[in-house]
Amino acid sequence: METERKSSCEYAKLDGLIMSISSILWNMISIYSGNSCPVTGQYDMRDIILRDEKETKCFLEECEQCGYLQDIFGEKFETTLDKYMVFPVAKDHLLAVGDQYCE
């Protein structure tokens, strides 16, 4: 499937190719939470970690389609991502989180 998608695109600029490769890699390593997005109604919520410059970490769910963010309790997380770096969550992280979603 990825070979078909990748080979069917022609990239006018290197940026387009880089974005395509980035999306493929993100899809390969991210974990879906199994929860549905309250905006789209689809099961497109992925587990992510937000880190800021102080290394504060928040474990959240992000909708793949619309970017809606919520904490692990289903409450809307309202902030801009400008000051954060976004990382995918490993299964080990999820097991260690427990009831605490921000350090």
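All values below come from the heavy atoms of this structure, side chains included, with hydrogens, waters and symmetry mates left out.
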Exercise. So, for Pro88 and Trp26, which heavy atoms are closest and what is the spacing to 0.1 Å?
Worked result: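 So the two residues come closest at CD-CZ3, 3.3 Å.
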
Q | Common cluster, Tyr32/Ile48, ILVMFWY with side-chain heavy-atom separation under 4.5 Å | A | no

Quick check: is Phe59 connected to Phe87 through a chain of hydrophobic side chains (ILVMFWY, heavy atoms under 4.5 Å apart)?
yes

Taking side chain as C-beta onward, heavy atoms only, is [X] less than 4.5 Å from [Y]?
X: Ile49; Y: Leu60; value: no
X: Leu50; Y: Val86; value: yes
X: Gln70; Y: Lys76; value: no
X: Phe77; Y: Glu62; value: no

Residues in side chain to side chain contact (heavy atoms under 4.5 Å, CB included) contact with [X], at least two apart in sequence or another chain:
X: Met28; value: Ile24, Leu25
X: Ser36; value: Tyr43
X: Leu14; value: Leu17, Ile18

List the residues meeting side-chain hydrogen bond (donor to acceptor under 3.5 Å, both in side chains) with Ser30, not counting sequence neighbours, and say none if there are none.
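In terms of side-chain hydrogen bond (donor to acceptor under 3.5 Å, both in side chains), with neighbours along the sequence ignored, Ser30 is linked to Arg46.
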
Q.
For Tyr84, does the six-membered ring have the charged nitrogen or CZ of Arg51 within the cation-pi criterion, i.e. under 6.0 angstrom from the centroid and within 45° of the normal?
A. no

Quick one: pull up [atom1] in [X] and [atom2] in [Y] and give me the separation to the nearest 0.5 Å.
X: Asp47; Y: Glu61; atom1: CG; atom2: CD; value: 5.5 Å
X: Ile72; Y: Asn35; atom1: CD1; atom2: CG; value: 10.5 Å
X: Cys58; Y: Asp52; atom1: SG; atom2: CG; value: 8.0 Å

* Would you please test Glu64 and Asn27 for side-chain contact (heavy atoms from CB on, under 4.5 Å) and show each step? => CA-CA 10 Å; Glu64 175 185 42; Asn27 288 333; 3.7 Å; yes

Side-chain (Ser23) to main-chain (Met19) donor-acceptor, under 3.5 angstrom: yes

Joining Ile, Leu, Val, Met, Phe, Trp and Tyr whenever any side-chain heavy atoms lie under 4.5 Å apart, the cluster holding Tyr68 also takes in Val39, Met45

Stepwise side-chain contact (heavy atoms from CB on, under 4.5 Å) test for Thr40 and Cys66: CA-CA 7 Å; Thr40 65; Cys66 72; 4.1 Å; yes

